[in-house]
S.K.: 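Dropping a structure here in structure tokens format, bear with me for questions.
The chains referred to below are lettered A, B, ... by the order of the sequence lines, with proteins before strands, and numbering in each begins at 1. Heavy atoms only: backbone and side chains are in, while hydrogens, waters and symmetry mates are out.
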Protein chains: 2
Amino acid sequence: MPNREGLGPPWWQGKFRGCGYRLTIGREAILEVLAKSERHLSAEDIYMKIHPRHPNIGLTTIYRTLDVLSSLGMVYKLDFGDGRARYEFAEGPKGAHHHHHLVCTDCNRVIDYTDFIDEEVELLKQTEEGLSKKYNFKITNHLIQFYGLCEKCSGKK
Amino acid sequence: MPNREGLGPPWWQGKFRGCGYRLTIGREAILEVLAKSERHLSAEDIYMKIHPRHPNIGLTTIYRTLDVLSSLGMVYKLDFGDGRARYEFAEGPKGAHHHHHLVCTDCNRVIDYTDFIDEEVELLKQTEEGLSKKYNFKITNHLIQFYGLCEKCSGKK
DNA sequence: TTTGTTATTGGAAACCATTTCCATTATAAG
DNA sequence: CTTATAATGGAAATGGTTTCCAATAACAAA
């Protein structure tokens with residue numbers, strides 16, 4: 001995993017240019033924000049983070065770039081049910097930071113968990129294989145979310 | 001599972017009234033459509049199905065009713081990434097028809113599968129328990145979806 | 001470096017699923 | 001039947017996301 005620490009050209013340049021996309025200021029800024037942040041950001045969140053340093057990058061560009069990144073598999077687009085999409089940097093299903101989500105249906109808080117990932121991923125791998133074969137479906141990704149009430153909200157009542 | 005087959009008052013009346021909701025023509029019509037259909041329907045799909053027989057039921061009512069049903073846990077609200085929500089009748093995570101989804105990222109086709117549900121649900125139950133304890137989170141539901149290319153779309157290229 | 005091709009951009013306007021408003025109507029308890 | 005109020009529908013508002021298009025910038029070639 002070359003050059004993750006800021007030395008030399010960012011590791012994503014190759015992947016990006018290799019697909020015929022141009023590497024622009026805006027795209028780099030967006031990638032940086034995503035790579036740095038631990039949270040799931042909305043398009044507007046990203047806009048806000050970028051704006052101070054790059055006041056001339058518009059929301060439209062953010063959306064367009066997120067689309068590209070998403071189609072390249074570099075970013076996951078998530079829906080937590082509050083009407084705006086969230087984006088998170090993809091580390092790959094086997095990456096160190098792979099996690100699933102716990103979504104509070106009351107306050108929309110999202111907890112990332114990694115605790116049971118290993119067992120889950122193991123089972124999912126088998127499931128994927130079976131499904132791929134049976135439905136001739138080429139699986140590239142999965143989404144697992146649990147819904148319920150977080151500590152605060154289940155206490156409220 | 002009483003009266004699923006059209007004899008006597010629909011089985012859901014109790015649950016409905018018990019929560020202080022009134023049982024109206026519109027709501028019954030919507031419930032009927034949902035209970036009858038095997039597919040995931042959008043609000044507009046439902047509207048279209050209901051309109052011939054109940055031309056005076058508006059889209060607004062559909063949305064409102066789906067919200068209620070959703071909060072009662074009688075209906076799941078799903079997002080397949082095409083910008084409109086889909087709804088499906090909930091049979092409960094242990095119900096006979098419980099299934100997960102295979103979503104084609106190219107044509108948005110959705111395949112329901114039940115093949116590996118048993119193993120999955122078993123593991124999920126354990127995971128839920130662990131998560132509930134660790135995060136003091138009251139889990140009521142889960143969402144599992146696989147993304148990829150369906151037979152047609154992976155052939156296309 | 002200069003040039004030419006063309007992907008990318010920003011901003012305003014369009015889009016469109018979903019919500020909100022509010023006066024009217026219908027449910028169901030008494 | 002009467003009454004309190006939940007529910008309704010249609011129009012208008014909302015708000016996240018896309019589309020449009022002329023202007024700009026990336027980068028390959030010379």
S.K.: Round to the nearest Å and state the distance from A/Leu41 atom CG to D/dG16 atom C1'.
M.R.: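 Roughly 16 Å, once rounded to whole Å.
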S.K.: Would you kindly give the CZ-to-P distance between B/Arg84 and C/dT19, to the nearest whole Å?
M.R.: 14 Å
S.K.: Quick one: label B/Thr24 by what it contacts on the DNA or RNA (base, sugar-phosphate, nothing), any heavy atom closer than 4.0 Å.
M.R.: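 The residue B/Thr24 makes sugar-phosphate contact but no base contact.
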S.K.: Which nucleotide in the set C/dT19, C/dT8, D/dT19 lies at the smallest distance from any side-chain heavy atom of B/Lys77?
M.R.: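 Comparing C/dT19, C/dT8, D/dT19 against the side chain of B/Lys77, the answer is C/dT19.
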S.K.: With no hydrogens and no angle check, is any side-chain donor or acceptor of A/Asp67 less than 3.5 Å from a backbone partner on A/Arg64?
M.R.: no
S.K.: In whole angstrom, give the distance that lies between atom CG of B/Asp45 and atom P of C/dT18.
M.R.: 11 Å
S.K.: Picking from C/dA17, C/dC21, C/dT9, which would you name as closest to the side chain of A/Thr65?
M.R.: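 Of C/dA17, C/dC21, C/dT9, C/dT9 is nearest to the side chain of A/Thr65.
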S.K.: Classify the nucleic acid contact of B/Arg17 as base, sugar-phosphate or nothing, counting any heavy atom under 4.0 Å across all strands shown.
M.R.: sugar-phosphate
S.K.: Is there a continuous path of hydrophobic side-chain contacts, each under 4.5 Å between heavy atoms, that joins B/Phe146 to B/Leu149?
M.R.: no
S.K.: State, with a plain yes or no, whether a side-chain heavy atom of B/Ile30 is found less than 4.5 Å away from one of B/Tyr87.
M.R.: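 Contact flag for B/Ile30/B/Tyr87 side chains = no.
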S.K.: Is any side-chain heavy atom of B/Thr127 closer than 4.5 Å to a side-chain heavy atom of A/Glu119?
M.R.: no
S.K.: Distance check needed: D/dG16 P versus A/Arg86 CZ, whole Å only.
M.R.: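 Atom CZ in A/Arg86 sits about 10 Å away from atom P in D/dG16.
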S.K.: Between B/Ile25 and A/Tyr21, name the one whose nearest nucleotide on DNA chain C is closer to the 5' end.
M.R.: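 Taking each residue's closest nucleotide, the earlier one in sequence belongs to A/Tyr21.
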S.K.: Give the residues of residues 50-59 of chain B touching DNA chain D, defined as any heavy atom closer than 4.0 Å, sorted by residue number.
M.R.: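 Within residues 50-59 of chain B, the residues near DNA chain D are B/Asn56, B/Ile57, B/Gly58.
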S.K.: Please state whether the phosphate of C/dT18, meaning OP1 or OP2, lies under 4.0 angstrom from any side-chain nitrogen or oxygen of B/Tyr63.
M.R.: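 Answer is yes, contact under 4.0 Å.
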S.K.: In the structure I gave you, are the side-chain heavy atoms of A/Val75 and A/Val68 within less than 4.5 Å of one another anywhere?
M.R.: no
S.K.: Is there a donor and acceptor pair, one atom on the side chain of B/Arg22 and one on the base of D/dT5, closer than 3.5 Å?
M.R.: yes
S.K.: Starting at CZ of B/Phe16 and ending at P of D/dA6, how long is that distance when rounded to a whole Å?
M.R.: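 The answer, rounded to whole Å, is 15 Å.
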S.K.: Take the angle between the ring planes of B/Tyr21 and B/Phe16 and call it parallel below 30°, perpendicular above 60°, tilted in between.
M.R.: tilted
S.K.: To the nearest angstrom, how far is B/Tyr47 atom OH from D/dT8 atom C1'?
M.R.: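 To the nearest whole Å, that distance equals 13 Å.
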S.K.: Please report the distance, rounded to the nearest Å, between CG in A/Leu66 and P in C/dT9.
M.R.: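 My rounded result for the distance is 11 Å.
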S.K.: Who are the side-chain hydrogen bond (donor to acceptor under 3.5 Å, both in side chains) partners of B/Arg86, not counting sequence neighbours?
M.R.: B/Asp82
S.K.: For a quick test of reading the model: is some side-chain N or O of B/Arg27 closer than 4.0 Å to OP1 or OP2 of D/dA7?
M.R.: yes
S.K.: Just how far, in rounded Å, is P of D/dG16 from CD1 of A/Ile62?
M.R.: 15 Å
